[in-house]
Each structure stands twice: as C-alpha cells, then as structure tokens.
Amino acid sequence: RRILRFSVGLDIAEKTRVNKTNNIEKKYTAWFSPKNLFGIFPNPFHLVPRPARLIQKWEDDREMARQFLAGVNPVMIQVCKDPTNQLSPKLLEFFQSKKINVQQIAAEKRLLFADYSELATLEKNPHNAYPECYNPTVAFSESNLRYFQASKIVFELGRARQHLDILAIELDMVHDTNDATKRDPQVFSRYTSPKNDWLMAKICVATADSQYHEWVSHLGNTHLTFEPHIIAIHNTLYKHSHPLWDFFEPLTKDTLLLNWAARSTLAKFGPDAFGDRMTSIGTGQFMQLIRNRWEKYDFFQYSALPDELEMRGFDSSFDIPCYLYREDGMKLWKAIGAFTYDFVTEVYGDDENGPAQDEIVQLWAQETTDPGKAAIPGFPTSIATKTELAKVMQTMWWICSGLHAAINFSQYDYFTYVPNKPLGARACMVQYKTDGKGKRRWIFENATPDMARVKETLQVARALTLPSERCIDNLGGHYKDVQYGKSSYDTFLTKLEALGDIIEARNQKNKKQGKAVYSYLHPSQVPSSIDI
C-alpha cells in the first residue's frame, strides 16, 4: 500500500509540478509533496515525503562533510595520520602553497579524508548506460554516457571536535588506466575555486561516493558478505538442530530470497540493467570493485565494528563525538556482544572451553572457512572458547543488523534529492570546464541525472527503506518459542531500551536546534536480518 501511495504521488508530481516548471533546479524539488495545498491549507497526504533540511542545506560544506560521519555512507572516511604517504603530491603541494599545515593538523588528530582513487583502475569511463553487447537495438547516444572521476576529499575536524569541514578536493581530469602520469589531478577548494566550480567538484566527489555506497558498502559488505554465512549455517547448525540455530534463525530471514531477486533487478547483469543505466560505473565495473574488496577481506577486520573503525584510524583514543555512526554503533555493538555471550553461556554453562568439544560448532567453522564452500577469509577454522564464539556471533549480527541498517535505511533521506548524491553523472568536470563555462545552470541541465533517472531513484529508494516488521527489539515472540536465549534476550531488551532513550533525547535536542537527526541505529529501526 505504501509503495502504491508513493507511486501515485510521483505520478501526480510529474504531471502537475515537474513537467510544468522551466527552472531545472526546481524540477528536482518538485517531485516532493508540497507543505501546503494551493499554498494555503496544510497538506494532509505527503505522498512523497520531502527531505526539507537536506534541500535547504545540501550545498553547505559542513553539511556535506557531516554526511561522511552520519549520512548514507559513513564507512569511507579515514583518519589521516601520515599526510606524506596518505595524501597525493598534488594535495600536499596545494596545502603548502596555501600555508595549511596538514602535518600539524594530523598531529592534533584533526585531519581526515576519503579516497576514491581506485576508480582510476576501471577501464570504461565514460560508461555506456546501454552497453552495445547487451543492448544491440539501442542506438548509441552521448546522452547515455555516464562519467566518474577518481578523487580524494580532505577534511578538517574543528578544534572543539564537534564539526567537520572540507579543506580540498582532488579530481583526476584525465582517465588513463595505463599511465598514471597522464591523469592530470587538479585541486579545488572553496577558497581558491569559483563558486560554481566548487559546487561541481563536490558533485563529482558525491557521485564517486555513491558508486561505493550502493555497490561496495551496501551490496558487497552486507548482502553478499552474509549470503555464504547463511548457507553454512543451514548446512550445519540448522541441519543438526543445534542450539545456536535459535540465535541465528532471526538473522537469516528472507536474505537469500532478497539476494536472488536483486540479481534479477538492481544487480542484474545483461540488457537494460539497472546498474548500467542508473550508475556511473555500470554493472560490470561495480562487480570489479566488489571483487577488489573481497580479495582484501578479513572477517573480523572488515566486519567487526571496532576492528573496522580502527582499520580506518578511528581507534578508541580518537575523540570525534560528531561521528554518530560510531557513537551509536559502538553502543549497539557492545549490547549485542553482551547478549551473544549471555546466549552462549545459556548453551554451555560455565565451561569456557565448551565450544571446543562441540562437534557441530567445529563443523560449522570448517564449512564457513572451506575454500570450496563458504570460503570466508579470516573466519576462525575452529572455535575453542565461549568468548571466541560470542565475538563471531556478535560480528555476524552486526553485519545483518546495525551495519545494514546504517547503510540501507538512510538512502531515502540522502539520495532522493538527487543533486546531493547522484548515482550517475551525465558529465564530469572536464565538460563542465569546456562546455559549461562556469555556469550553474549547466550543471543541472547536463551533469546531474535527468528526470527519468530521478523518478526511478525515488522509487527504488522508497522501496529499499520501507520499515521492517522484524527489528532487534521485537523478537520476543521468537524467543518465547525456542529453548535457548529467552533470559539473555530479556536482558538485551533492557540495554536496547536505554540506547533508544539516548538516541531519542539527542535527536530531540538536535531537531530543536535545527540540526540533523540520526536514527538509523535506533533499536526500533534496526532489522534483525537483511530483509529489504
């Protein structure tokens, strides 16, 4: 019913507002339901909810920087500890010329960055939204070309450590996979670049980030990462009716069916593929990014929240309270960890080495690590103690609950006002410089996605962010019907309620102050499985 209401709202918007405005920028906002009907009466319907704060703030540098900490893809930002080796020569040269002492800022633990230079290794740029080999009946058109730029963005954390700002953006102006010396990186900043050039540079970085969000952070790091775990669990714990199945059953609901459906729709490889027509890098190349990531993958390092944060430089000593993904995530992570250890204790009692004598648990570990089966790098080949087993279970629940919730359910809020986070760019900085001649209007007419892509983005974002019926704080029915876990889950619920209260109080305070709220890790909004 919600999808139907939303689709009706989009059709109404397209006919009555989008098609009737000649202002290209206003077309992007015209998709959303107006606050008032006829400019007078409060709108009781809101068929297409409006991300009002984002529309108002999206061009602000601090807003863009904030999204790297508490937006749709908060897993790309890194701490820059060694600028000489972590930043490019071009960026270092720029900072030196502007007398910005990045070494000092790094020493104060206030220098951060996000790196999309891997995009330079992808061959097809521009990418054809309708590759001829799969779409032979679609005539070639330059309007179907999609662009991306290898890039880096550098941030400075304020001295009070309460907000982040952008120092500079580097864009490769030439895409050459064979000779890095030809890439001609150029640096942009709000202090040195014309206003519209700076806007275009930010849109180019946002587009690069979208490629990683949709395909690596979302599809790769959650959906595809968890799929072999489900199969290994089914082949061992479920097959042998092991007590741990009581824990894992809610974590595995609907994911395999959903992934199967995604392979025929959003992640389809073939004619008229969503990934090809909607995103800058296309289906084949997003698979390359996922492959590259999997070749480096380690179960704990990449999927256990504290380990993954530390890998990006955010160890426990790094103070950054505005990183709400980490703040809320670590509270949830610890609550999950206490629950998993309590659950394991219900199964094995006080015997810390109980799992070592459990043949089915060892069979599960072997199935999960076998190169011919689940083949999960870094997963323990055997599990000796309750503590080790509890951390394995904690990490697995984090993947399909907290991590997926943070990456997935934020999509409507940040993707639907499309200039904020374009999935596919129709032009890059080079064309803007040569053809756009510095004009703002050109960016929206020629670079950001057209209205057909905007409508599809809205439809998909809405479908992917429908609330789940099975969240981590409403599994009481499940635990009433199983042998193990009821007592542990009741304790867990108390911790979740306290976490929810903390998040609600902060959000109410921020809302009154006109600041963004962050609710994606509120226990009542975190599903227990990847079910959407």
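For this chain, numbers begin at 1 and follow the sequence in order.
Between the side chain of His242 and the backbone N or O of Leu244 there is at least one donor-acceptor pair closer than 3.5 Å. Proximity of a side-chain donor or acceptor of Ser303 to a complementary backbone N or O of Thr395 within less than 3.5 Å is not detected. Using a distance-only test at 3.5 Å, with no hydrogens or angles considered, no donor-acceptor pair links the side chain of Glu214 to the main chain of Ser210. Put simply, the side chain of Ser280 gets close to the backbone of Ala425: a donor and an acceptor are under 3.5 Å apart. In this structure a side-chain-to-backbone donor-acceptor pair under 3.5 Å is present from Asn125 to Phe148. A donor-acceptor pair under 3.5 Å is formed between the side chain of Asn259 and the backbone N or O of His223. Checking side-chain atoms of Arg312 against main-chain N and O of Ile77 turns up a donor-acceptor pair under 3.5 Å. The main-chain N or O of Pro321 is never found under 3.5 Å from a side-chain atom of Glu327 such that the two would form a donor-acceptor pair. Side-chain atoms of Asn235 do not come within 3.5 Å of backbone N or O of Glu367 as any donor-acceptor pair. The main-chain N or O of Tyr414 is found under 3.5 Å from a side-chain atom of Asn420 such that the two form a donor-acceptor pair.
Arg53 and Glu63 are joined by a salt bridge, as a carboxylate oxygen and a charged side-chain nitrogen come within less than 4.0 angstrom of each other. Ion pairing between a basic and an acidic side chain is recognised when a charged N comes within 4.0 Å of a carboxylate O; Arg62 and Asp165 show such pairing. The pair Asp319-Lys109 fails the salt-bridge criterion, with no side-chain N (NZ, NE, NH1 or NH2) lying under 4.0 Å from an Asp/Glu carboxylate O. Of the charged side-chain nitrogens involved, none lies within less than 4.0 Å of a carboxylate oxygen, so that Asp61 and Arg66 do not count as a salt-bridged pair. Ion pair Lys202/Glu59 not flagged as a salt bridge, since none of the NZ, NE, NH1 or NH2 atoms sits closer than 4.0 Å to an Asp/Glu carboxylate oxygen. A salt bridge links Glu227 with Arg263: the distance from a Lys NZ or Arg NE/NH1/NH2 to an Asp or Glu carboxylate oxygen falls below 4.0 Å.
Ring geometry for Phe6 against Tyr412 counts as perpendicular: the plane angle is over 60°, on a 0 to 90° scale with 30° as the lower cut. In this pair, Phe415 and His213 present their aromatic rings tilted. The plane angle is within the 30 to 60° band. Ring planes of Phe339 and Phe247: tilted class, angle from 30 to 60°. Classified by interplanar angle (parallel below 30°, tilted 30° to 60°, perpendicular above 60°), the ring pair Trp333/Trp398 is perpendicular. Below 30°, between 30° and 60°, or above 60°: for Phe318 and Phe314 the angle between ring planes is above 60°, a perpendicular geometry.
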Kindly determine whether Asp307 and Tyr302 satisfy side chain to side chain donor-acceptor pair (under 3.5 Å), including the steps that lead there. CA-CA 7 Å; Asp307 303 61; Tyr302 279 73; over 6 Å; no
List the steps and the verdict of ring-ring contact (aromatic ring centres under 6.0 Å, His included) for Phe248 and Tyr238. CA-CA 9 Å; Phe248 282 115; Tyr238 170 78; over 10 Å; no
List the steps, then state whether side-chain contact (heavy atoms from CB on, under 4.5 Å) holds for His229 with Met396. CA-CA 8 Å; His229 283 293; Met396 293 177 69; 3.6 Å; yes
Using the side-chain contact (heavy atoms from CB on, under 4.5 Å) rule, take Ser488 and Val344 through it: C-alpha gap first, then chi angles, then the decisive distance, then the call. CA-CA 9 Å; Ser488 301; Val344 169; over 6 Å; no
Test Asn408 against His218 for side-chain contact (heavy atoms from CB on, under 4.5 Å), laying out the working first. CA-CA 7 Å; Asn408 179 73; His218 185 196; 3.3 Å; yes
Would you check, one step at a time, whether the test side chain to side chain donor-acceptor pair (under 3.5 Å) holds for Ser88 with Glu170? CA-CA 9 Å; Ser88 69; Glu170 179 187 83; 2.4 Å; yes
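In plain terms, the two heavy atoms of Phe286 and Leu219 that are nearest each other are CE1-CD2, 3.9 Å. In plain terms, the two heavy atoms of Leu171 and Ser151 that are nearest each other are CD2-CB, 3.6 Å. Across all their heavy atoms, Cys471 and Ser468 have their closest contact at SG-O, 3.9 Å. Considering all non-hydrogen atoms of both residues, Pro83 and Val102 come closest at CG-O, 3.8 Å. Contact between Ala273 and Thr283 at its shortest, heavy atoms only, is CB-OG1, 3.8 Å. Scanning both residues, Pro51 and Tyr417, for their nearest heavy atoms gives CG-CB, 4.4 Å.
Atom CG in Leu122 sits 9.0 Å away from atom OG1 in Thr177 (nearest 0.5 Å). To the nearest 0.5 angstrom, Glu156 atom CD is 12.0 Å from Cys80 atom SG. Atom OH of residue Tyr323 and atom CG of residue Leu309 lie 5.5 Å apart, to the nearest 0.5 angstrom. In this structure, the separation between OG1 on Thr255 and NE2 on His404 is 8.0 Å, given to the nearest 0.5 Å. Atom-to-atom distance recorded for Leu305:CG and Lys334:NZ is 10.0 Å, nearest 0.5 angstrom. For the atom pair CD1 (Ile203) and CE (Met64), the distance works out to 9.0 Å, reported to the nearest 0.5 Å.
Counted by atom type alone, Thr448 and Tyr28 present one or more donor-acceptor pairs between their side chains at under 3.5 Å. Judged purely by distance below 3.5 Å, without hydrogens or angles, the side chains of Lys421 and Thr416 never pair a donor atom with an acceptor atom. Side-chain contact, Arg146 with His127: no donor N or O sits under 3.5 Å from an acceptor N or O. Looking only at atom types and distance, the side chain of Asn507 has a donor-acceptor partner in the side chain of Ser519 under 3.5 Å away. Judged purely by distance below 3.5 Å, without hydrogens or angles, the side chains of Gln78 and Asp115 never pair a donor atom with an acceptor atom. In this structure, a donor-acceptor pair under 3.5 Å is present between the side chains of Tyr212 and Glu118. Side-chain N/O atoms of Asp209 and Asn73 include a donor and acceptor closer than 3.5 Å. No side-chain N or O of Asn510 forms a donor-acceptor pair with one of Tyr518 less than 3.5 Å apart. Side-chain atoms of Arg293 and Thr225 include a donor-acceptor pair closer than 3.5 Å.
With a 6.0 Å radius and a threshold of 12 heavy atoms from other residues, nucleotides or ligands, Lys253 has its NZ atom at or below the threshold. Within 6.0 Å of atom CD in Glu469, 12 or fewer heavy atoms from other residues, nucleotides or ligands are found, so the atom counts as exposed in its surroundings. For Tyr297, the OH atom counts as densely surrounded, since its 6.0 Å shell holds more than 12 non-hydrogen atoms of other residues, nucleotides or ligands. The local environment of CD in Glu504 is crowded, with over 12 non-hydrogen atoms from other residues, nucleotides or ligands closer than 6.0 Å. Counting non-hydrogen atoms of neighbouring residues, nucleotides and ligands closer than 6.0 angstrom, the NZ atom of Lys268 exceeds 12 such neighbours.
Between Tyr479 and Tyr484, the distance separating the two ring centers is not shorter than 6.0 angstrom. Remark: aromatic rings of Trp364 and Phe379 are close, center separation under 6.0 Å.
Under the 4.5 Å side-chain criterion, counting only non-hydrogen atoms from C-beta, Ile320 is in contact with Leu112.
Of the options Thr207, Val205, Asp172, a side-chain contact (heavy atoms from CB on, under 4.5 Å) to Tyr116 is made by Val205 and by none of the others.
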